[in-house]
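Working notes for the structure below.
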Number of protein chains: 2
Amino acid sequence: MSRAETYAEPLAPRAREVVAAGLDAEAVVTLFGRCEVDYEGRASSYLGPGDRLVVLKPDGTLLVHKREQRTPVNWQPPGCDHHAELVDGQLQVVSDRSNPDEHVEILFEEIHALVRYDAEDVEELELTGTEEDLRQRILDDPSLVEAGFEAEETEYQTDAGAADIVGTDAEGHTVVVELKRRRVGPKAVGQLKRYVDAVRRTEDEAARGILVAPSVTDTAHELLDEEGLEFVSLEP
Amino acid sequence: MSRAETYAEPLAPRAREVVAAGLDAEAVVTLFGRCEVDYEGRASSYLGPGDRLVVLKPDGTLLVHKREQRTPVNWQPPGCDHHAELVDGQLQVVSDRSNPDEHVEILFEEIHALVRYDAEDVEELELTGTEEDLRQRILDDPSLVEAGFEAEETEYQTDAGAADIVGTDAEGHTVVVELKRRRVGPKAVGQLKRYVDAVRRTEDEAARGILVAPSVTDTAHELLDEEGLEFVSLEP
DNA sequence: ACATGCATTTCGCAT
DNA sequence: ATGCGAAGTGCATGT
């Protein structure tokens with residue numbers, strides 16, 4: 001038996017059976033059809049009839065995709081309960097969860113195709129080039145921040161949240177480092193400011209703050225000056 | 001002719017033809033197969049062989065989904081160029097873009113199913129319950145912020161970014177309002193602080209700052225106190 | 001094209 | 001469970 005079973009133009013009762021059995025067997029179930037979608041939860045939405053791709057994953061994820069966009073037009077995160085019912089002879093797929101209460105209903109006017117995919121997958125993604133990698137580079141060579149800098153703690157807990165790296169400069173003053181893997185705007189400056197303020201209040205009144213990133217926007221640069229904070233350029 | 005054409009266990013050459021023709025005709029092309037995925041761009045990743053769902057959209061979106069998670073394990077945003085080639089007799093799907101340069105390669109060891117979906121879809125999502133809706137409610141009834149509050153500008157430009165609402169209180173003092181549709185943490189306090197600081201520097205030294213949200217975390221509450229900022233609870 | 005901020009953000013990790 | 005911050009965030013909007 002193949003890992004994928006495809007059904008072209010299935011009738012609603014048959015589709016309901018296949019979807020229900022697929023969910024039960026922890027398969028990935030994919031529907032191609034003309035449907036409308038109702039969502040009620042953290043927000044509310046209605047999507048009128050059109051042809052979409054609907055994916056039901058065994059972990060309780062629901063995806064509804066239009067022809068465009070990377071982001072699904074409607075969805076449900078992992079952990080939801082999926083059900084397939086017949087309503088007035090049409091296939092209705094329902095996804096529910098609690099905390100927060102969220103509910104998605106998909107009603108199919110037409111089902112153009114249906115695939116049950118018993119996917120086997122053990123490999124996990126290996127990803128490099130993250131902020132974590134950048135931090136490791138700095139720990140390996142603290143002079144990337146400045147000559148004489150010594151890193152002392154990562155994820156250093158302040159009253160205002162965790163600072164990426166805290167250490168001391170050549171003169172022994174506390175230095176708070178905020179790390180970003182890409183060009184940053186005012187948001188990152190505010191974040192650094194929060195941590196530096198907290199350290200200044202509780203630890204070292206003369207603590208310095210350094211934003212380490214590939215580059216900063218004009219506004220961010222002005223804010224840094226305004227707040228007496230520093231910037232060090234570092235490519236990821 | 002049906003809107004969806006399904007192919008079970010297609011051979012690689014045939015699959016390449018169908019994928020190429022589907023891309024050309026602006027169809028949504030979906031592959032179910034065992035593949036490995038290489039990504040090189042803002043970061044880098046490798047995903048070893050496993051059964052996945054691959055979606056190619058006519059707007060240049062690429063999605064690679066594992067059995068789990070709402071987020072695709074690899075992807076490409078709209079605007080990319082997709083190509084299907086045969087490499088050593090195997091189907092290879094490539095997606096490219098520039099600015100930033102990003103490149104995804106998917107090599108299929110097995111193709112379990114393939115669907116070409118000529119989807120028609122004109123309806124757009126109608127969404128309510130956003131921050132925008134919350135803002136409109138406050139503009140309609142400014143007393144939701146506090147008695148005597150009058151809203152004067154939305155998206156008010158400060159040196160540190162745009163404040164959601166700026167107005168005056170019963171005593172004529174400037175009030176900066178930061179709006180959130182859900183429970184907020186220290187980040188939102190920092191954001192409000194940035195705007196209030198900017199207004200205090202340039203407009204009104206005695207400007208007040210009010211965070212309007214359903215609730216705040218303990219840390220956020222302490223930070224608000226620390227900075228002399230206020231909180232008003234408002235359900236979305 | 002860049003800057004800015006929301007998002008039904010999702011996700012992982014720590015408490 | 002909640003808090004917190006990163007993400008290859010995506011995305012719309014304004015400049």
Side-chain angles (χ1 to χ4, degrees), chain A residues 37 39-45 61-62 64 68-80 95 97 99-104 125 127-135 155 157-158 160-164 178-188 190-191 194-195 215-220 236, chain B residues 39-45 61-62 68-79 97 99-104 125 127-135 155 157-158 160-164 178-188 190-191 194-195 215-220 236:
Chain A
V37 187
Y39 157 68
E40 198 72 44
R42 288 167 290 179
S44 307
S45 73
T61 298
L62 166 72
V64 182
E68 309 91 17
Q69 301 282 66
R70 208 221 61 152
T71 305
V73 63
N74 283 112
W75 70 88
Q76 205 72 289
C80 297
S95 173
R97 70 161 170 156
N99 199 1
D101 273 343
E102 297 207 281
H103 181 82
V104 174
L125 187 72
L127 183 68
T128 59
T130 63
E131 184 183 293
E132 171 66 32
D133 295 321
L134 192 56
R135 178 165 65 195
E155 296 298 315
Q157 285 298 329
T158 73
D164 284 334
E178 177 61 30
L179 261 181
K180 294 293 168 191
R181 58 183 298 284
R182 37 181 247 178
R183 183 173 173 82
V184 296
K187 194 170 48 179
Q191 199 180 341
R194 266 199 287 135
Y195 304 148
S215 59
V216 294
T217 64
D218 286 351
T219 315
Chain B
Y39 156 69
E40 198 72 45
R42 288 169 289 180
S44 308
S45 72
T61 297
L62 166 72
E68 309 91 17
Q69 301 281 67
R70 208 223 57 151
T71 306
V73 62
N74 281 113
W75 70 89
Q76 207 71 290
R97 70 161 169 156
N99 198 3
D101 273 344
E102 298 207 281
H103 181 82
V104 174
L125 186 72
L127 182 68
T128 59
T130 62
E131 185 182 292
E132 170 67 31
D133 296 319
L134 192 57
R135 179 167 64 194
E155 297 298 319
Q157 285 299 328
T158 74
D164 286 333
E178 177 60 32
L179 215 51
K180 293 293 167 191
R181 57 185 300 286
R182 36 180 254 178
R183 181 174 174 84
V184 296
K187 194 170 46 178
Q191 200 179 343
R194 262 199 290 136
Y195 303 148
S215 59
V216 295
T217 65
D218 287 352
T219 316

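Below, read A as the first sequence line, B as the second, and so on, with proteins coming before strands; counting in each chain starts at 1. It should be emphasised that the depicted structure is a prediction, and the values quoted were computed from it without experimental measurement.
A distance of about 22 Å separates the P atoms of D:dG8 and C:dG5, rounded to the whole Å. Nucleotides D:dG10 and D:dA6 are separated by 14 Å at their C1' atoms, to the nearest Å. Between the P atoms of C:dT8 and C:dT4, the separation comes to 23 Å (whole Å).
With rounding to the nearest 0.5 angstrom, the CG atom of B:D164 is 7.0 Å from the CD atom of B:Q191. We find the CZ-OG1 distance between A:R135 and A:T130 to be 9.0 Å, quoted to the nearest 0.5 Å. B:L134 CG to B:R182 CZ: the interatomic distance, rounded to the nearest 0.5 Å, is 13.5 Å. The line from OH of A:Y39 to CD of A:E102 is 3.5 Å long, rounded to the nearest 0.5 Å. Distance check, rounded to the nearest 0.5 Å: CG of A:L179 to CG of A:D133 gives 11.5 Å. Considering CG of B:L125 and OG1 of B:T128, their distance stands at 9.5 Å, rounded to 0.5 Å.
Put simply, B:R182 has no side-chain N or O that comes within less than 4.0 Å of OP1 or OP2 on C:dA7. For C:dT4, the OP1/OP2 oxygens have a side-chain nitrogen or oxygen of A:T219 closer than 4.0 Å. B:Q191 has no side-chain polar atom (N or O) that falls below the 4.0 Å cut-off from OP1 or OP2 of C:dT4. Put simply, B:R181 has a side-chain N or O that comes within less than 4.0 Å of OP1 or OP2 on C:dT9.
The listed nucleotides are C:dT9, C:dT4, C:dC6; the one nearest the side chain of A:W75 is C:dT9.
When all heavy atoms of A:P77 and A:R97 are compared, the pair lying nearest together is CG-CZ, 3.4 Å. Closest non-hydrogen pair, B:L127 versus A:S45, comes out as CD1-CB, 3.7 Å. When all heavy atoms of B:T61 and A:R70 are compared, the pair lying nearest together is CG2-CA, 3.6 Å.
A salt bridge is absent between B:E131 and B:R181: the closest approach of a Lys/Arg side-chain nitrogen to an acidic carboxylate oxygen does not fall below 4.0 angstrom.
What separates CG of A:N74 from C1' of C:dA7 is a distance of 14 Å, to the nearest Å. Rounded to an integer number of Å, the gap from A:L125 CG to C:dG12 C1' is 14 Å. Rounded to whole angstrom, the span from the CG atom of A:D218 across to the C1' atom of C:dT4 amounts to 13 Å. Here C:dC6 presents its P atom at 15 Å from CG of B:D133, a figure rounded to the nearest Å. Atom P of nucleotide C:dT8 and atom CD of A:E40 are separated by 14 Å, given to the nearest angstrom. One interatomic measurement links the two molecules: CD of B:E131 to P of C:dG5, which rounds to 11 Å at whole-angstrom precision. For the pair A:E155 CD and C:dG12 P, the computed distance is 17 Å after rounding to whole Å. Atom CZ in A:R42 sits about 9 Å away from atom C1' in C:dT10, given to the nearest Å.
Position along DNA chain C of the nearest nucleotide to A:G185 versus B:E132 favours A:G185 as the more 5'-ward residue. Nearest-nucleotide positions on DNA chain D for A:R194 and A:N99 put A:N99 closer to the 5' end. Of the two residues contacting DNA chain D, namely A:R70 and A:L179, the nearest-nucleotide position lying further toward the 5' end is that of A:L179. When each of A:K187 and B:K187 is assigned the nucleotide of DNA chain C bearing its nearest heavy atom, the one mapping closer to the 5' terminus is A:K187.
Counting only Watson-Crick or G-U wobble pairs whose defining distances are both under 3.5 Å, the stems of 3 or more consecutive pairs in DNA chain C are C:1-7 with D:9-15, C:9-15 with D:1-7.
The residue A:E178 sits close only to the backbone: its heavy atoms come under 4.0 Å of sugar-phosphate atoms, none of a base. Using a 4.0 Å heavy-atom criterion, one finds that A:V73 contacts the bases of the nucleic acid, with or without backbone contacts as well. At a threshold of 4.0 angstrom between heavy atoms, the contacts of B:S44 with the nucleic acid are absent. Across all strands, B:P100 comes closer than 4.0 Å to no nucleic acid atom at all (heavy-atom distances). Residue contacts shown for A:G161 are limited to sugar-phosphate atoms, with no base heavy atom under 4.0 Å away. Using a 4.0 Å heavy-atom distance criterion, A:A160 is classed as a sugar-phosphate-only contact.
Between the side chain of B:R194 and the backbone N or O of A:G190 there is no donor-acceptor pair closer than 3.5 Å.
The nucleotide range of DNA chain D contacted by chain B, defined by atoms under 4.0 angstrom from heavy atoms of the protein and reported 5' to 3', is D:dG3 to D:dC11.
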